[in-house]
Amino acid sequence: MTAEEVKAALAVNVGDSFFVPSSGKLETRVRSLKPVKEASIVKHFPGKLTVKLQEFEEVATELGADGKVQAVLANGLVLPSKQGALPDKPILTGWKTGDANFQALCQTLSQLPDHLLTDLSEIKPDPSKSYPDRIKLYTRSRFEVVTTVGKLSEKIIFLSDIVENREPGRIVLLEADTYFPYSAQNADQDGADSANP
C-alpha cells in the first residue's frame with residue numbers, strides 16, 4: 001500500500017485534536033484496509049503520529065482477465081502486482097471468486113516455509129465428491145500432485161522428499177500416498193500398443 005492510502009484511512013489532518021480520535025480508533029481505521037494484517041499507532045505529544053503496519057504476505061500469483069500478473073495475499077485478496085515484479089510464487093489458476101477453498105489455500109500457503117514452496121509452479125482446484133477441497137499442483141521439477149487444501153500442510157513434507165529422490169511422475173497425497181513415475185506409464189502404454197497392432 002502507499003502512504004497516501006494509509007493517510008486517507010487515518011482521516012487526520014494538521015490542526016486536528018491530538019487526543020481525539022484515540023490511537024485505538026485510528027488503528028481500527030487502518031485495519032479496515034484489506035491488505036493490513038496488523039496496525040500499531042503511537043501518538044507523540046504535541047502532534048506526531050507513528051504508524052507501523054504489517055501487511056498480509058504475498059503467497060501466490062494469478063493472471064488477471066487482462067493477462068497481467070496479480071499478487072495473491074495470505075487473506076485471499078488479489079491485487080495488481082508491482083510493475084516488473086515476477087515473484088517466485090505458485091500461480092493459482094481456475095479458481096472462482098469467493099471460493100472458500102481459495103481463502104483456505106492462501107492461508108495454508110502463508111504458514112508454509114518458503115523452501116517447501118519454491119518448486120510449486122501452479123495450483124488449481126480439482127474437486128471431487130469425496131474431496132471437495134481437492135487440488136492439483138504442478139512442480140517446476142515436472143511432477144503432478146493431487147492432494148487437498150486441508151492436507152497440504154502435512155503432506156508437503158513428503159512431496160519434497162519424493163521430488164528430491166525420484167524421477168518425475170504423478171503423486172497422490174490423500175489418505176494413502178502413491179507415486180507413479182511417468183516412465184512406467186509410458187512403458188505400460190507402449191506394451192499395450194504393441195499388443196494391439
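Note that the numbering runs from 1 along the sequence shown for the chain.
Partners of Thr93 by side chain to side chain donor-acceptor pair (under 3.5 Å), not counting sequence neighbours, listed by chain and number: Glu122. Applying the side chain to side chain contact (heavy atoms under 4.5 Å, CB included) criterion to Glu4, with sequence neighbours excluded, gives Thr2. Asp114 pairs by the side chain to side chain donor-acceptor pair (under 3.5 Å) definition with nothing, not counting sequence neighbours. Take Pro113 and apply the side chain to side chain contact (heavy atoms under 4.5 Å, CB included) test, not counting sequence neighbours, and it matches His115, Leu116. Contacts of Glu57 classified as side chain to side chain donor-acceptor pair (under 3.5 Å), with partners at least two apart in sequence or in another chain: none. When the side chain to side chain donor-acceptor pair (under 3.5 Å) test is applied to Glu27, no partner is found at least two apart in sequence or on another chain. With sequence neighbours excluded, no residue forms a ring-ring contact (aromatic ring centres under 6.0 Å, His included) with Tyr131.
With a 4.5 Å cut-off between side-chain heavy atoms of Ile, Leu, Val, Met, Phe, Trp and Tyr, the cluster of Leu77 takes in Phe56, Leu73, Leu79.
Within the structure, ring-ring contact (aromatic ring centres under 6.0 Å, His included) contacts touching residues 133-168 (residues at least two apart or in different chains) do not occur. Annotation: side chain to side chain donor-acceptor pair (under 3.5 Å) contacts involving residues 29-56, sequence neighbours excluded, comprise His44-Thr50. Residue pairs that meet the side chain to side chain donor-acceptor pair (under 3.5 Å) test with at least one member in residues 145-157, sequence neighbours left out, are Lys151-Glu175, Lys155-Asp177.
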Would you give me the side-chain donor-acceptor pairs under 3.5 Å for residues 98-109, sequence neighbours excluded?
residue	atom	partner	partner atom	Å
Asp99	OD1	Asn101	N	2.8
Asn101	ND2	Pro132	O	3.3
Gln103	NE2	Asn75	O	3.2
Thr108	OG1	Ala104	O	3.0

